[in-house]
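For reference, the structure discussed in these notes is given below.
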Amino acid sequence: MGNKIEIKEEKMNNMKNPIKLAYHSINELINNAITAATQQGLIKKCEHKEFTIEIGKDAKNGDFAVNFALTNAKVYGLPPRALAEIILQNIDLTDTYFEKVEIAGPGFMNFYTSKSWLNFIINTIYTSGENYGKTETNNRRVMVEFISANPTGPMHMGNARGGAIGDCLAEILKWSGDTVTREFYINDAGNQIERFYKSLKARYYEIYAPNTIEFPEDGYHGDDIMVLAQKFADKYGDKYINGDEEEFKKLIIESSLNDNIEKIQKDLEYYRITFDVWFYESMLYEDGELDDTINGLKAAGCTYEKDGALWYRTTDENAEKDEVLIRANGIPTYFAADIAYHRNKFLKRNFDKVINVWGADHHGHIARLKGALSSLGIDSDKLDIVVMQLVRLISDGKPIKMSKRTGKAISLIDLLDETSVDAARYFFNMRSSDSHFDFDLDLAVEKSSENPVYYVQYAYARICSIFRMIEEDGVNISDLSAINSFNYNEPDEAALIKLLSTFPDEIIKSAKAYDPSRITRYAYNVANSFHKFYNTCKVNCEDESTRNSRYYLCLATKTVLFNTLSLLKISAPEIM
RNA sequence: GCGUUUGUAGCUCAGCUGGAUAGAGCGUUCCCCUCCUAAGGGAAAGGCCCCCGGUUCGAAUCCGGGCAAGCGCACCA
């Protein structure tokens with residue numbers, strides 16, 4: 001599997017990821033023990049089955065629990081505990097970070113790390129600094145497309161959740177080694193733009209020629225349309241009342257759309273989201289990609305005409321009926337444009353992986369989009385959709401739809417005004433995307449330990465406070481070269497250090513599962529573990545060695561909290 | 001009706017590539033500052049892991065069948 005250089009690189013990579021290093025080491029120890037036992041004729045040579053190494057949930061079960069003997073009992077024809085016994089007799093822990101292995105329960109082998117393991121972790125975090133947590137696990141060109149809010153109006157709660165999830169997911173993938181493009185798809189073409197225009201036109205006529213045009217039934221009723229029409233009127237006056245319709249249409253759509261898009265960009269910037277690419281749907285029409293796509297589908301033989309429309313013959317056996325690609329009126333459907341858009345992602349831009357964050361209300365769209373891509377010869381497994389369930393806002397324990405302040409449906413920016421960017425970004429990533437999430441508005445503004453985001457930030461501020469105190473006292477802290485004299489004897493110290501060691505692995509797991517909520521949970525656990533440590537272990541104490549040890553543990557904790565918060569793009573306040 | 005997500009402590013949720021006594025937070029009851037931010041920590045109480053079957057040494061976890069809730073099933077996006 002790979003040459004020397006790769007192995008060397010992998011070892012360097014492992015250095016930044018203590019858990020992976022430990023796994024690697026345990027794997028090697030077991031393989032060596034098996035080889036030794038085979039040579040002694042204790043067991044027959046066998047191809048063993050896969051086994052897992054778990055981080056011990058309970059301290060008394062060791063630091064790493066290995067189920068090798070359980071999964072391989074049958075393979076070697078021995079009871080699990082007997083097999084474990086043979087392995088243990090042949091295991092050599094000299095020069096490792098492990099001090100003992102025990103057999104427990106039905107046949108687990110529990111590995112216990114030594115004190116030097118704790119020092120190793122502290123050293124790793126210190127030397128990695130703001131890069132601690134970053135690995136080269138993945139190496140793909142990945143696009144994360146998220147929000148993609150309709151530019152005909154302001155962003156809503158679904159966009160708020162999708163924004164937080166998508167942005168953090170993109171960051172997690174980046175930390176795990178991928179090259180990531182964040183993309184926003186602007187639906188600036190098709191049917192809803194027609195509706196947008198009709199609504200604008202009606203509002204424009206209301207200004208200069210009331211009651212001449214009826215407001216369209218399927219129009220956009222929001223006040224924002226009136227504001228846009230007024231703005232247009234301010235600039236052009238009544239020039240276009242019964243004027244050049246074509247010119248009017250082009251101008252009013254263009255200026256209104258631009259205004260909306262600018263507003264969206266500004267709001268998202270405030271929400272700390274920066275997109276690499278703003279992709280305009282209209283480009284697909286202009287560049288002929290939509291036509292190419294339709295032709296491709298025709299060539300693949302999966303289209304037919306009926307009732308004046310062009311249909312896509314679905315390959316999804318669950319679908320009740322086929323889908324329209326081009327309406328009888330000649331306007332392509334959203335579905336057609338979406339196929340062309342995804343064709344562009346893969347065939348034109350060659351992404352290895354495309355991840356879309358979609359609301360649950362779009363769920364039914366997945367199978368047919370993937371089916372259509374397959375029809376075009378694109379490997380649809382390269383497309384993953386993160387489906388997030390819809391959000392409910394809760395205030396006073398009851399669901400609310402309208403903002404108390406504006407009396408209208410709550411937009412992204414209303415939410416950020418009523419709570420904070422930090423709280424929103426944290427809260428939307430507290431639960432996995434497939435859970436039905438209730439956003440507690442009262443809790444999000446709470447400045448107490450009940451509010452998890454404050455709880456985490458407070459841990460960070462507390463560390464900064466300790467450092468300020470040490471500095472004020474003029475206490476001497478040795479440099480890291482004294483690390484071999486560090487001694488962590490308190491259980492709360494060891495627990496915290498071991499938790500810090502799992503950070504890079506936590507990111508890898510989050511990336512694999514597309515689950516940013518693991519990171520907020522991790523942040524919370526680190527804060528909790530630190531507060532425990534704080535209560536039992538005084539940092540600025542008399543004993544020099546203890547003080548140094550604890551100082552560097554605080555520094556490591558500070559680094560991990562900082563990295564976690566910066567990954568989530570949540571502020572890390574030094575004073576609260 | 002079909003598809004899909006969810007169902008775990010009073011409430012909000014972890015755990016779900018099968019493993020050792022099912023975990024957190026909030027709420028409830030009690031305890032802890034002569035000492036770095038008590039904006040913190042500790043302890044107790046609290047569970048037919050929705051129900052019924054199956055797979056196996058072993059199921060909250062996997063499979064099948066139910067039940068309940070959210071979402072979707074347009075020539076809307």
Side-chain angles (χ1 to χ4, degrees), chain A residues 50 52 54 56-58 60-61 65 67 70-71 73-74 79-80 104-108 110 148 150 152 187 190-193 195 218 281 306-311 316-321 323-335 337-338 359-368 387-390 392 394 397 430-438 440 443 446-452 454-455 457-459 461-470 472-473 475 492 512-513 517-518 521 524-525 527-528 530-541 547 550 554 575-576:
Chain A
E50 281 196 16
T52 56
E54 279 177 16
K57 285 173 207 144
D58 194 330
K60 72 173 193 276
N61 287 332
N67 68 354
L70 288 162
T71 57
K74 268 188 190 159
F108 287 101
N110 292 337
S148 296
N150 200 320
T152 52
N187 304 120
N191 221 32
Q192 91 279 9
I193 294 297
R195 271 164 49 203
D218 60 349
E281 181 185 356
K306 194 180 89 182
D307 304 330
L310 184 73
W311 293 72
D316 177 10
E317 66 271 13
N318 289 322
E320 277 174 35
K321 56 192 283 294
E323 298 292 327
V324 170
L325 289 167
I326 298 177
R327 298 183 183 86
N329 66 9
I331 299 177
T333 58
Y334 176 84
F335 179 48
D338 217 21
D361 51 342
H362 285 62
H363 195 280
H365 194 56
I366 297 172
R368 58 180 196 250
V387 176
M388 50 157 198
Q389 299 301 316
L390 305 178
R392 279 197 315 175
I394 304 288
M430 266 194 319
R431 307 279 173 247
S432 71
S433 52
D434 56 14
S435 74
H436 303 262
F437 177 57
D438 286 345
D440 187 333
L443 183 60
E446 187 89 16
K447 298 197 174 184
S448 79
S449 64
E450 289 173 34
N451 182 347
Y454 278 91
Y455 181 83
Q457 288 175 321
Y458 175 51
R462 228 179 190 182
I463 296 170
C464 295
S465 170
I466 292 173
F467 288 174
R468 277 194 302 273
M469 199 65 68
I470 285 174
E472 277 169 26
D473 289 357
V475 176
D492 287 338
K512 202 172 174 189
S517 73
R518 292 189 71 108
R521 233 171 286 127
Y524 188 90
N525 289 339
N528 179 245
F530 176 76
H531 289 310
K532 278 183 192 171
F533 157 78
Y534 179 91
N535 255 265
T536 52
C537 306
K538 190 164 163 59
V539 179
N540 193 7
C541 60
R547 190 172 64 230
R550 291 179 181 170
C554 284
I575 299 171
M576 286 181 78

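Numbers restart at 1 for each chain; the letters A, B, ... are given by sequence-line order, proteins then strands.
Residue contacts shown for A:Gln389 include a base, since a base heavy atom lies under 4.0 Å away. Using a 4.0 Å heavy-atom criterion, one finds that A:Cys464 contacts no nucleic acid atom at all. Within 4.0 Å (heavy atoms only), A:Asp307 reaches at least one base atom of the nucleic acid. Residue contacts for A:Lys538: at a heavy-atom cut-off of 4.0 Å it reaches a base atom on one of the strands shown. Backbone-only contact: A:Arg195 has heavy atoms under 4.0 Å from sugar-phosphate atoms and none from a base. Contacts of A:Ala459 with the nucleic acid, taken as non-hydrogen atoms under 4.0 Å apart, are absent. At the heavy-atom level, A:Ser435 lies under 4.0 Å from the strands shown only through sugar-phosphate atoms. Using a 4.0 Å heavy-atom distance criterion, A:Tyr455 is classed as a sugar-phosphate-only contact. Heavy atoms of A:Met469 sit under 4.0 angstrom from primed sugar atoms or phosphate atoms, though from no base atom. Contacts of A:Asp361 with the nucleic acid, taken as non-hydrogen atoms under 4.0 Å apart, involve only primed sugar atoms and P, OP1 or OP2.
Put simply, the side chain of A:Asn110 and the base of B:A20 share a donor and an acceptor less than 3.5 Å apart.
Contact annotation: A:Arg368 side-chain N/O to B:C73 OP1/OP2 distance is not under 4.0 Å. Taking 4.0 angstrom as the limit, A:Lys321 places none of its side-chain polar atoms (N or O) nearer than this to OP1 or OP2 of B:A74. Taking 4.0 angstrom as the limit, A:Ser432 places a side-chain polar atom (N or O) nearer than this to OP1 or OP2 of B:A14. In terms of phosphate contacts, A:Asn528 brings a side-chain nitrogen or oxygen within less than 4.0 Å of OP1 or OP2 of B:G41. At least one side-chain nitrogen or oxygen of A:Asn191 sits closer than 4.0 Å to the OP1 or OP2 atom of B:A77. Phosphate proximity of B:G42 to A:Lys532: present, with a side-chain N or O under 4.0 Å from OP1 or OP2. Applying the 4.0 Å criterion to OP1 and OP2 of B:G42, one finds that A:Tyr534 has every side-chain N and O outside that range.
Put simply, CZ on A:Arg518 is 15 Å from C1' on B:A24, counting in whole angstrom units. Remark: C1' of B:A39 and CD1 of A:Ile575 are 15 Å apart, rounded to the nearest angstrom. When rounded to the nearest whole Å, the span between CG of A:Asn67 and P of B:C57 equals 16 Å. Between the CZ atom of A:Phe437 and the C1' atom of B:A69 there is a distance of 18 Å, rounded to whole Å. Atom CG of A:Asp434 and atom C1' of B:C16 are 11 Å apart (whole Å). Summarising the geometry, the separation between CD1 on A:Ile366 and C1' on B:C2 is reported as 16 Å, rounded to the nearest angstrom. The NE2-C1' distance, from A:His362 to B:C71, rounds to 12 Å in whole Å. When the P atom of B:U8 is taken as reference, atom CZ of A:Arg431 falls 13 Å away, rounded to whole Å.
Separating the C1' atom of B:C52 from that of B:A68 is a span of 15 Å, rounded to the nearest Å. Between the C1' atoms of B:G58 and B:G19, the separation comes to 7 Å (whole Å). Nucleotides B:C48 and B:C26, compared at atom C1', are 25 Å apart to the nearest Å. Using P as the reference atom, B:C36 and B:C13 are 38 Å apart when rounded to the nearest Å. If you take atom P in B:A44 and the same atom in B:A22, they sit 15 Å apart, rounded to whole Å. Look at the C1' atom in both B:U34 and B:C30: the space between them is 24 Å, to the nearest Å. A distance of about 10 Å separates the P atoms of B:A14 and B:U8, rounded to the whole Å. To the nearest whole angstrom, the two C1' atoms, one in B:G15 and one in B:C62, are 16 Å apart.
Pairing partner, B:C57: B:G19, with both Watson-Crick or wobble hydrogen-bond distances short of 3.5 Å. Across all strands shown, B:G72 pairs with B:C2; the Watson-Crick or G-U wobble distances both stay below 3.5 Å. Across all strands shown, B:A44 pairs with B:U28; the Watson-Crick or G-U wobble distances both stay below 3.5 Å. Using Watson-Crick or G-U wobble geometry with both donor-acceptor distances under 3.5 Å, B:C33 finds no partner in any strand shown.
With rounding to the nearest 0.5 Å, the separation of CD1 in A:Ile193 from CG in A:Asn187 is 8.0 Å. Between atom CG of residue A:Asn191 and atom OH of residue A:Tyr334 there is a gap of 13.0 Å, rounded to the nearest 0.5 Å.
Under the 3.5 Å distance criterion, the side-chain polar atoms of A:Arg547 are left unmatched by any main-chain donor or acceptor of A:Asn540. Side chain of A:Asp307 to backbone of A:Ala309: no donor-acceptor contact under 3.5 angstrom is found. Remark: the backbone N or O of A:His436 is not paired with any side-chain donor or acceptor of A:Arg431 at under 3.5 angstrom. Checked by atom type and distance alone, the side chain of A:Thr333 never pairs as donor or acceptor with a backbone atom of A:Ile326 at under 3.5 Å. The main-chain N or O of A:Leu443 is found under 3.5 Å from a side-chain atom of A:Asn451 such that the two form a donor-acceptor pair.
Note: A:Phe335 and A:His365 have perpendicular aromatic rings, judged against thresholds of 30 and 60 degrees for the angle between ring planes.
Among the nucleotides B:C71, B:G25, B:A77, the one closest to the side chain of A:Tyr524 is B:G25. For A:His436, counting side-chain heavy atoms from C-beta on, the closest listed nucleotide (B:G70, B:A77, B:G15) is B:G70. When distances run from any side-chain atom of A:Leu390 to the nucleotides B:C71, B:G19, B:C75, the shortest one goes to B:C71. Residue A:Ile466 places its side chain closer to B:C36 than to any other of B:G15, B:C36, B:G19. Distances were taken from every side-chain heavy atom of A:Tyr334 (C-beta onward) to each of B:C36, B:A77, B:G19; the shortest belongs to B:A77. If you check B:U5, B:C36, B:A14 against the side chain of A:Val539, the one that comes closest is B:C36.
Closest-nucleotide positions on RNA chain B for A:Ser465 and A:Ala360 were compared, and the one nearer the 5' end corresponds to A:Ser465. Between A:Asn535 and A:Thr333, it is A:Asn535 whose nearest contact on RNA chain B lies nearer the 5' terminus.
Between A:His531 and A:Tyr455, some side-chain heavy-atom pair lies under the 4.5 Å cut-off.
Stacking of A:Arg462 on the aromatic ring of A:Phe530 is not recorded, the 6.0 Å distance cut-off and the 45° axial limit not both being met.
In this entry the base of B:C33 is syn relative to its sugar, with a glycosidic angle within 90° of 0.
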